[in-house]
Participant: 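One structure is given below, represented as structure tokens, and several questions about it will come after.
When reading the values below, keep in mind they use all heavy atoms of this one structure, side chains included, and skip hydrogens, waters and symmetry mates. Every value quoted in this text rests on a predicted model; they were computed, and no experiment measured them. Proteins get letters first, then strands, A, B, ... in listed order; numbering begins at 1 in each.
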Amino acid sequence: METNNIIKDDFLGDLIKKSSPDNPSDIFVERIMDKVQITPEFSFSKKSFYLYLWSALPVFLLVTIILLFLLTSDMPFSKYFPGKDYYSQTLIPYLLSLSNSFKELVISKYFSFAFIVIVAAGVLVVIESILSTKTKDFFLSKGL
Amino acid sequence: MKYQDDNFYIERVLSGDVSAYAGLVTKYKSLVFSIALKILNNREDAEEVAQDCFLKVYQSLKSFEKKSKFSTWLYRIVYNAAISKTRKKRLEFVPMDKYVIQNYYDENTPKTIIGLDEHEQTLLIDRALQRLSGDENLLISLFYKGENSIEDISFITGLSVSNVKVRLHRIRKKLYGEISEIMQQKAV
């Protein structure tokens, strides 16, 4: 690096370091940190599995207490669960009638057209949001 | 003030310690602001750009690939943001040939500067730097103040490596010329 040596000038370097720095206002750092504090957390990918377990602990405790209560209770709670007759005689016929009414709606050409337009728009929005996030990350990673 | 290595702050921020980011901002605020100021020539605009860049960098810290130094990446973001703000495609580096370099590098200049006290040296270099254009000031600050390599400056500014070398060489000569002239005026 011959040219580097020509340019490298410790005397001038030291002299330039003595020049008055261009300092922003006194509250510059505070202002940035105020905004940084309210910026949403971004480091989920770095969150360790241990932390996920720790945050699930209250839910786990609550479920355990409820289960213990149900298992040790002499309340006839099993009577409140529907038997297989409920599924075969009530729920399945209800779901079938519901799907039939939807089927009639779907075979209508107006509905089909609107449905296709909405689905296509939805797909485009999803693709655009994925690409723009990736593009933004790419350019920022390159410092652009 | 003694600062930690950049990775120390980055790792802490990424592990959830938001306050560690203040260390990075404090460490680089002066040069980041300086880059923006030399391009924009306006303190308010420069501060706004510098602030936006620090926030942008914070939000995309996880995408920092560590292929380059953190400072180089940060300076490049600031440089591009400031250039965008001026609505120019690239900083217009004035060809050095257009300058009439009246003052040639005087071999004795360093010796006369050593004779000055520190305060006088600061005043002298401040005045000499003021005589340089914004782009000259930017290149020389990045190289001597920011201690960036030629390759880093090439990455930050988008200029070729050889172009950076030639410009720095000429700006250095010009700066010595300005220093000599200021000292001669002072002697008169």
Participant: Looking only at side chains, do B:Lys145 and A:Ser19 share a donor and an acceptor under 3.5 Å apart?
Facilitator: yes
Participant: Tell me, yes or no, whether the heavy-atom count around A:Phe69 atom CZ, taken from other residues, nucleotides or ligands under 6.0 Å, exceeds 12.
Facilitator: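 Incorrect, the count does not exceed 12.
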Participant: Given 3.5 Å as the limit, does a donor-acceptor pair link the side chain of B:Gln51 with the main chain of B:Glu48, or not?
Facilitator: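 Answer holds: no.
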Participant: Find the one option among B:Glu47, B:Lys29, B:Glu147 whose heavy-atom pairs under 4.5 Å with chain A are most numerous.
Facilitator: B:Glu47
Participant: Is B:Glu181 salt-bridged to B:Lys174, going by a charged N under 4.0 Å from an acidic O?
Facilitator: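 Salt bridge: no.
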Participant: Are the side chain of B:Ser141 and the backbone N or O of B:Asn137 linked by a donor-acceptor pair below 3.5 Å?
Facilitator: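 Yes, the answer is positive, given that a donor and an acceptor are paired below the 3.5 Å cut-off.
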Participant: Is it true that B:Asp135 and B:Arg167 have a side-chain N and a carboxylate O under 4.0 angstrom from each other?
Facilitator: no
Participant: Can you list the residues of residues 20-28 of chain A that sit under 4.5 Å from chain B, counting heavy atoms only?
Facilitator: A:Ser20, A:Pro21, A:Asp22, A:Asn23, A:Pro24, A:Ser25, A:Phe28
Participant: Can you tell which part of B:Ile156 gets under 4.5 Å to a heavy atom of chain A, answering side chain, backbone, both or neither?
Facilitator: neither
Participant: Should B:Lys69 and B:Asp152 count as an ion pair when the cut-off is N to O under 4.0 Å?
Facilitator: yes
